[in-house]
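Worksheet: the structure to be examined is printed underneath.
Residues: numbered from 1 along the sequence shown.
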Amino acid sequence: MSKPMIVLGRKIPQSVVNACVARMSKTFYAANIEQVAWELGISVTDGVSMRLADRLIQREKKAGRIRRVGGKWEPVRG
């Protein structure tokens with residue numbers, strides 16, 4: 001079982017993390033990931049959704065699953 005993600009003191013449900021990562025399967029901006037989190041009930045006003053997006057992007061980039069192209073992020077194929 002994986003450790004729950006805590007962002008700015010708030011526990012993020014795995015379903016939200018999964019939905020955000022799923023959105024990374026096509027070209028995106030960080031704001032697109034923040035929007036997915038917001039739609040699933042993660043607060044925008046206190047910065048939690050923005051920080052969540054940032055941490056997931058960092059994690060996926062480090063794992064080699066996404067890369068920066070121009071001003072956008074895209075999945076790494078193959």
Side-chain angles (χ1 to χ4, degrees):
M1 182 181 218
S2 64
K3 185 176 174 182
M5 183 173 270
I6 307 293
V7 177
L8 299 176
R10 182 159 174 203
K11 184 177 176 184
I12 306 300
Q14 189 61 45
S15 60
V16 173
V17 172
N18 293 345
C20 290
V21 171
R23 176 58 182 87
M24 294 179 186
S25 67
K26 59 184 178 183
T27 301
F28 67 93
Y29 293 101
N32 299 125
I33 306 308
E34 185 178 0
Q35 177 73 24
V36 170
W38 177 78
E39 289 172 355
L40 294 172
I42 304 301
S43 176
V44 174
T45 57
D46 60 6
V48 175
S49 61
M50 184 185 329
R51 183 67 183 127
L52 172 62
D54 180 58
R55 288 193 39 204
L56 290 173
I57 289 169
Q58 289 177 38
R59 183 184 84 180
E60 296 301 301
K61 179 184 173 195
K62 183 177 179 180
R65 292 186 282 263
I66 61 173
R67 67 179 173 201
R68 188 86 165 160
V69 178
K72 299 177 183 178
W73 291 96
E74 67 177 31
V76 174
R77 306 280 184 216

What are the two closest non-hydrogen atoms of [X] and [Y], and how far apart are they?
X	Y	result
S25	P75	O-CG, 3.3 Å
A53	A30	CB-O, 3.9 Å
C20	L56	CB-CD1, 3.5 Å

*From CA spacing to verdict: side-chain contact (heavy atoms from CB on, under 4.5 Å), E34, I42*: CA-CA 9 Å; E34 185 178 0; I42 304 301; over 6 Å; no
Counting C-beta onward and ignoring hydrogens, is there a side-chain heavy-atom pair between [X] and [Y] closer than 4.5 Å?
X	Y	result
K11	I6	yes
V21	R59	yes
V69	T27	no
V17	Q14	yes

*Starting from the C-alpha separation in whole Å, work towards a yes-or-no answer on side-chain contact (heavy atoms from CB on, under 4.5 Å) for I33 and W73.*
CA-CA 11 Å; I33 306 308; W73 291 96; over 6 Å; no
*Is there a donor-acceptor pair under 3.5 Å between the side chain of R51 and the backbone N or O of D46?*
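Absent.
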Find out if a path of hydrophobic residues (ILVMFWY) with successive side-chain heavy-atom gaps under 4.5 Å connects [X] to [Y].
X	Y	result
I57	V44	no
L8	L40	yes
M5	V16	yes
M24	L52	yes
M50	V7	no

